[in-house]
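Below is the structure I would like to discuss, written out as structure tokens.
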Amino acid sequence: MNLEVVVVTLIKAAIIILGLLTGFAYMTLFERKVQARMQQRPGPNRVGPFGLLQPLADGLKLFFKSSAEPAGRDHLLYLAAPMLSVMAALATFAIIPVSGPGYITILGHNIGWYVMNANIGILWYFAVTSIGVYGIFLAGWSSNSKYSLLGALRSSAQMISYEMALGLSLVPVFILAGSFRLVDIVNAQNKWWFVIPLLPAFILYMIAGIAETNRAPFDLPEAETELVAGYHTEYSGMRFALFFMAEYINMITVSSIATVVFLGGWWGPFGVLPGPWWFLIKVVVLLYVYVWLRASLPRMRYDRLMQLGWKSLLPLSLLMMMATGVVVVAAQR
Amino acid sequence: MVVAFAILAAWELVTAIGVMASRRPIYNALSLVANMLGLAVLFLLLNAQFLFAAQIIVYAGAVMVLFVFIIALLNPQMDITLSRPSMEWAYGLIFGVVFAGLILALVYNRDLTGIPGPFTPEVIDAFGNVQILGAVLYSRFLLPVEVTSVLLLVAAVGAVYLAARKIR
């Protein structure tokens, strides 16, 4: 562990965090614009050209708002919960290789296109998101409000349930690539993207990923009509913005992992564009799917949601895992 | 490395005391979560990355979430006041001293460096931590793994049976 590694990692982490925060800001604008078009409205278009400065205006507004706090809250946990959520959301991105397969050489140093090329790879994502559940749960519990508590219970139960399907739907990829390391997984897709042989797993992953990030049509934790705003009902100002930030960054991360694991990461069909651009295009397309689903599907009922998770997605991803194993072993014989 | 270990050891002690000392159950449970996270980082210092992930996913992420759920749902009052039997401290003192004595005896009598096995850091780096662990688990330790999985299956079936009987 020498100094160079530490400095380079810190710089890369800072770049990734800045990128994710900008991505979050423009994701909100992207979502509002696309949704508006789907509903025959112009969407935000007053602040700056095409409304491009809208996220900045929203950020400033939230920053200068006073933060109202509920009576009878658990002060320490109430403050810690939004920080925990954002921290977990930002930390998950560390394993994602934005481009590759080689290095960029800056001032004679070979620098990889990732913050961390961990041996455990994708398991890091699952470990950190399981800590993120505490952020949401503690937010709901510490607010001392029944809407918050119910929202938090729903949310964390949903996240824990769908994490199983999410993890198992990725196992076929590990079988084909023979590694947890995301760089190895992308390199294995040099010729064929894994989405072609593993289309069912990709669909399972996307459904579970949308549920995992608590987005429509699985946004039960924030069902406005029954729970006000779910676990962050009692949060306002910048602290509310932190939860918002965590949710959008989680969407970006789920899309990035889908890109890396199923859609060939930095590989493009004809090699026309450099790697990072292919990565970005694929992530934006998947984020568009998120917005599309939100604009077109009604919210599910909670018991149906749990049944979908445990009785459909989980067995299907187990089946997919076994089928892939059988095919791979049969092909080796 | 030594500095990192010292910080971690201090963290583990503080959170372990937190598990017992706090008067509010949710803080006890959260201290235990913090303690498990520290343990996971200890695994990481020992180059056991897979154990790091498994420790967090299974214990901090799944088991303790259920604890926190139960505490949050069943704990309307802020403080639990237990009538404290005076003998409790005496028992604690006796077992504490005996346990500390055992550890001291071990530390002074044994060479704690251990014996190097076939899986040196070089071998692990060549094949990958997860790959080696998987290969060993499913070849040399196949029987224990299978027996444990049957045990867990029995527990799961039992839980489903109990839950179903209650509904009927």
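Below, chains carry the letters A, B, ... as their sequence lines are ordered, and counting in each starts from 1.
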Are any side-chain N or O atoms of A:W124 and backbone N or O atoms of A:A91, one a donor and one an acceptor, separated by less than 3.5 Å?
->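 Indeed, once roles are kept as given, a pair shorter than 3.5 Å links the two residues.
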Select one option (side chain, backbone, both, neither) describing which atoms of A:F126 are under 4.5 Å from chain B's heavy atoms.
->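 For A:F126, heavy atoms of backbone and side chain both lie under 4.5 Å from chain B.
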Side chain, backbone, both or neither: which part of A:T129 has a heavy atom under 4.5 Å from chain B?
->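 When you check distances to chain B, no heavy atom of A:T129 falls under 4.5 Å.
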Part of A:L138 lying under 4.5 Å from any heavy atom of chain B |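 The side chain, not the backbone.
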Is there a donor-acceptor pair closer than 3.5 Å between any side-chain N or O of B:N35 and the backbone N or O of B:E12?
->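 Indeed, once roles are kept as given, a pair shorter than 3.5 Å links the two residues.
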Under 3.5 Å, sequence neighbours excluded: what are the donor-acceptor pairs made by side chains of residues 49-72 of chain B?
from: B:Q49; atom 1: OE1; to: B:N129; atom 2: ND2; distance (Å): 2.8

Proximal component of A:I131, with respect to chain B [non-hydrogen, under 4.5 Å] =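 Contact with chain B involves the side chain of A:I131 alone.
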Gap separating the OG atom of A:S155 from the CD atom of A:E247, nearest 0.5 angstrom |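 One finds 9.0 Å between OG of A:S155 and CD of A:E247.
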